[in-house]
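Report on one structure; see the data block that follows.
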Amino acid sequence: MHRHEEFLLREYDLAAKLTYHIDDLRNKLTSFFLSFAAAAGAALVILVKGEARAFLTNQRLGVLCLGIAILGGLVVGILARCRRAQIEHFRIINNVREYFLGRDYDLWNVVQLSGQTLPVPNRRSGTFMWTALIMVVDSSLVSLSLYLILSSTLASWFLVTGAFLVAWLVLDRLYFRLARPPEEIRYSASNPPDGACETRAHARHRCT
């Protein structure tokens with residue numbers, strides 16, 4: 001086996017391991033955020049029961065929920081970036097497959113996975129549904145925080161509903177903007193991996 005083939009197999013192995021590592025990281029981030037959301041829920045139950053009114057007021061709990069909602073927005077952004085990295089490494093895995101399988105269509109039919117099956121961020125994927133769980137909780141926290149800060153007035157219900165929808169739309173756009181992988185790069189003599197031009201004539205112009 002040639003050295004560059006050993007290198008490609010090593011890249012394949014590392015890319016596969018990273019995709020599994022990202023799944024584990026996503027689980028930990030989700031548990032981290034939901035633990036804070038559960039703490040806000042417990043505080044709400046205490047407030048409703050009328051316990052600890054001396055230090056736990058509607059406004060204070062509202063500020064706490066808003067802070068956790070901001071944390072949730074950051075978690076959604078991190079998950080989106082993790083998904084982007086995962087898709088990029090799926091692409092690496094597929095490129096290695098293309099190198100070794102070539103035009104052996106019998107093997108392609110066995111593997112089934114190719115450039116045509118590379119995942120893209122969409123609302124039907126399990127990854128997005130997982131993230132949607134956080135988005136629902138986070139949007140609810142935004143709504144609850146405003147409801148509590150505004151002292152639970154009737155007019156606040158309309159603002160709460162609008163806040164939930166706005167928060168959801170912002171998180172939805174944030175996820176797809178950050179999760180979208182960059183266009184695949186195809187290297188050639190005019191576009192080498194190191195960005196350097198091959199000749200002095202090329203050095204005067206930007207490689208395209």
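- For the pair Glu6 and Arg10, the salt-bridge criterion is not met [side-chain N within less than 4.0 Å of a carboxylate O].
- Taking 4.5 Å as the limit, every side-chain heavy atom of Pro181 sits out of range of all side-chain heavy atoms of Gln86.
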Practice prompt. Assess whether side-chain hydrogen bond (donor to acceptor under 3.5 Å, both in side chains) is satisfied between Arg26 and Thr131, documenting all intermediate values.
Written response: CA-CA 9 Å; Arg26 181 176 58 196; Thr131 308; over 6 Å; no

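- Ile68 contributes atom CD1, which lies 11.0 Å from atom CG of Leu34 (distance to the nearest 0.5 angstrom).
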Worksheet item: side chain to side chain contact (heavy atoms under 4.5 Å, CB included) between Ile149 and Asn58: does it pass, once the steps are laid out?
Response: CA-CA 6 Å; Ile149 292 173; Asn58 285 8; over 6 Å; no

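- Looking at Trp108 and Ser114, their side chains never bring a donor and an acceptor atom within 3.5 Å of each other.
- Contact annotation: the side chain of Ser145 never approaches that of Val63 to less than 4.5 Å [non-hydrogen atoms, C-beta and beyond].
- Side-chain heavy atoms closer than 4.5 Å link hydrophobic residues (I, L, V, M, F, W, Y) into clusters, and following such links, even through other members, never connects Ile134 to Leu66.
- The two atoms that bring Pro119 and Phe90 nearest to each other are CG-CD1, 3.5 Å, heavy atoms only.
- For the atom pair OG1 (Thr57) and CG (Leu61), the distance works out to 8.0 Å, reported to the nearest 0.5 Å.
- Both Phe33 and Trp168 are part of a single hydrophobic cluster, where members link through side-chain heavy atoms under 4.5 Å apart.
- Contact annotation: the side chain of Met135 approaches that of Asp172 to within less than 4.5 Å [non-hydrogen atoms, C-beta and beyond].
- Annotation: Gln116, atom CD; neighbour count of heavy atoms from other residues, nucleotides and ligands within 6.0 Å does not exceed 12.
- Annotation: side chain to side chain contact (heavy atoms under 4.5 Å, CB included) contacts of Val111 (sequence neighbours excluded): Arg97, Leu101, Leu113.
- Under the 4.5 Å side-chain contact rule for hydrophobic residues, Leu178 and Leu79 share a cluster.
- Applying the ring-ring contact (aromatic ring centres under 6.0 Å, His included) rule to Phe7 yields no partners; only residues at least two apart in sequence or on another chain are considered.
- Using a 4.5 Å cut-off between side-chain heavy atoms of Ile, Leu, Val, Met, Phe, Trp and Tyr, Phe164 falls into a hydrophobic cluster with Leu165.
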Kindly list each side-chain donor-acceptor pair under 3.5 angstrom involving residues 11-21, sequence neighbours excluded, with atom names and distances?
from	atom 1	to	atom 2	distance (Å)
Asp13	OD2	Lys17	NZ	3.3
Thr19	OG1	Ala16	O	2.5

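- The closest side-chain heavy-atom distance from Val142 to Cys65 is not below 4.5 Å.
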Item to complete: Go through the steps for Arg103 and Tyr105 under the test side-chain hydrogen bond (donor to acceptor under 3.5 Å, both in side chains), then give the verdict.
Response: CA-CA 6 Å; Arg103 296 185 179 276; Tyr105 300 114; 3.3 Å; yes

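- When every heavy atom of His4 is checked against every heavy atom of Tyr99, the shortest pair comes out as NE2-OH, 2.8 Å.
- Pairing each heavy atom of Ala69 with each of Leu141, the nearest pair is CB-CB, 4.0 Å.
- In terms of heavy atoms, Met129 sits closest to Arg124 at CE-O, 3.5 Å.
- Annotation: the span from Asn27 atom CG to Ile22 atom CD1 amounts to 12.0 Å, rounded to 0.5 Å.
- Atom CD1 of Ile93 and atom NE2 of His89 lie 8.5 Å apart (nearest 0.5 Å).
- Connection of Val96 to Ile87 is not established within any shared hydrophobic cluster, with ILVMFWY side chains joined at heavy-atom distances below 4.5 Å, either directly or through further cluster members.
- In this structure, Leu169 is a member of the same hydrophobic cluster as Phe128, with clusters built from ILVMFWY side-chain heavy atoms closer than 4.5 Å.
- For the atom pair CZ of Phe32 and CG of Leu25, the computed distance is 12.0 Å after rounding to the nearest 0.5 Å.
- Summarising the geometry, atom CG belonging to Leu150 is positioned 9.0 Å from atom CD belonging to Gln59; distances are rounded to the nearest 0.5 Å.
- With sequence neighbours left out, Glu98 forms a side-chain hydrogen bond (donor to acceptor under 3.5 Å, both in side chains) with Asn94.
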Got a list of side-chain donor-acceptor pairs under 3.5 Å for residues 70-78, not counting sequence neighbours?
none

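- No side-chain donor from either of Ser125 and Arg83 sits under 3.5 Å from a side-chain acceptor of the other.
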